[in-house]
Amino acid sequence: MPRGNTRRCSCCKKKMPSTRISLCETCQKLGMGLRMRSVAVPATEILAVAKERQSLGMDPIGEMNMNDVAALAKCFRSPYHTYGRLRGFINATGKLPPEEFERSKDEII
């Protein structure tokens, strides 16, 4: 995630760590925001979160829902450009596809 861009919790508006997408841990544990996920997060931000998680040794798509993983798949070229193929690769290897399969920001739909 670029420096200066601060992602805030959709519920309490507090600053979130770079490994979270839309809800902070506290709000998620309290069950807040279960219906707040209708707000679409840009695919580039989801990719930044997945890379940050991977660099910390976490599962890149651990807490992501189906829509987040589908948006993340748009950031990659064939053969990882669909939900199923991306999820299968990450489940098999535990990491994101190689960087040569990443699309540029102009190519992301």
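What you see is a predicted model; the values in this text were computed from it and never measured. Just so it is clear, the values below take in all heavy atoms, side chains as well, and ignore hydrogens, waters and symmetry mates.
- At a threshold of 4.5 Å between non-hydrogen side-chain atoms, the residues Leu47 and Leu72 count as touching.
- Here the shortest heavy-atom pairing between Arg87 and Ile61 reads NH1-CD1, 3.3 Å.
- With a 4.5 Å cut-off on side-chain heavy atoms, Arg8 and Lys15 count as touching.
- Taking 4.5 Å as the limit, some side-chain heavy atom of Met16 sits within range of a side-chain heavy atom of Cys9.
- Annotation: the span from Gln54 atom CD to Ile90 atom CD1 amounts to 8.0 Å, rounded to 0.5 Å.
- Atom CZ of Phe76 is separated from atom CD of Glu102 by 5.0 Å, given to the nearest 0.5 angstrom.
- Electrostatic pairing of Glu107 and Arg77 counts as a salt bridge here, judged by a charged N lying under 4.0 Å from a carboxylate O.
- Shortest non-hydrogen contact noted between Leu23 and Cys11 is CD2-CB, 3.9 Å.
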Margin query: Walk me through whether Arg103 and Lys74 qualify under side-chain contact (heavy atoms from CB on, under 4.5 Å).
Written below: CA-CA 8 Å; Arg103 295 178 190 235; Lys74 293 179 184 178; 5.9 Å; no

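- Aromatic pair Tyr80/Phe101: ring centres closer than 6.0 Å.
- Nearest heavy-atom pair across Arg53 and Asp59 is CD-O, 3.7 Å.
- In this structure, Met58 and Glu52 have side chains that are not in contact, with every pair of non-hydrogen atoms separated by 4.5 Å or more.
- Put simply, the side chain of Arg20 reaches to within 4.5 Å of the side chain of Glu25, judged on heavy atoms.
- Separating the NZ atom in Lys14 from the OG1 atom in Thr26 is a distance of 6.5 Å, to the nearest 0.5 Å.
- Looking at heavy atoms from C-beta onward, Leu86 lies in side-chain contact with Pro97 at the 4.5 angstrom threshold.
- For residues 90-100, no residue pair satisfies the salt bridge (Lys or Arg N to Asp or Glu O under 4.0 Å) rule, not counting sequence neighbours.
- Nearest heavy-atom pair across Pro60 and Gly94 is CD-O, 3.7 Å.
- The nearest pair of heavy atoms linking Val49 to Thr19 is CG1-O, 3.6 Å.
- Here the shortest heavy-atom pairing between Val69 and Met64 reads CG2-CB, 4.0 Å.
- By the 4.5 Å heavy-atom criterion applied to side chains, Tyr83 and Met66 are counted as neighbours.
- A side-chain donor-acceptor contact under 3.5 Å links Ser10 to the backbone of Ser22.
- In this structure, SG in Cys75 is found 11.0 Å from CD in Glu45, a value given to the nearest 0.5 Å.
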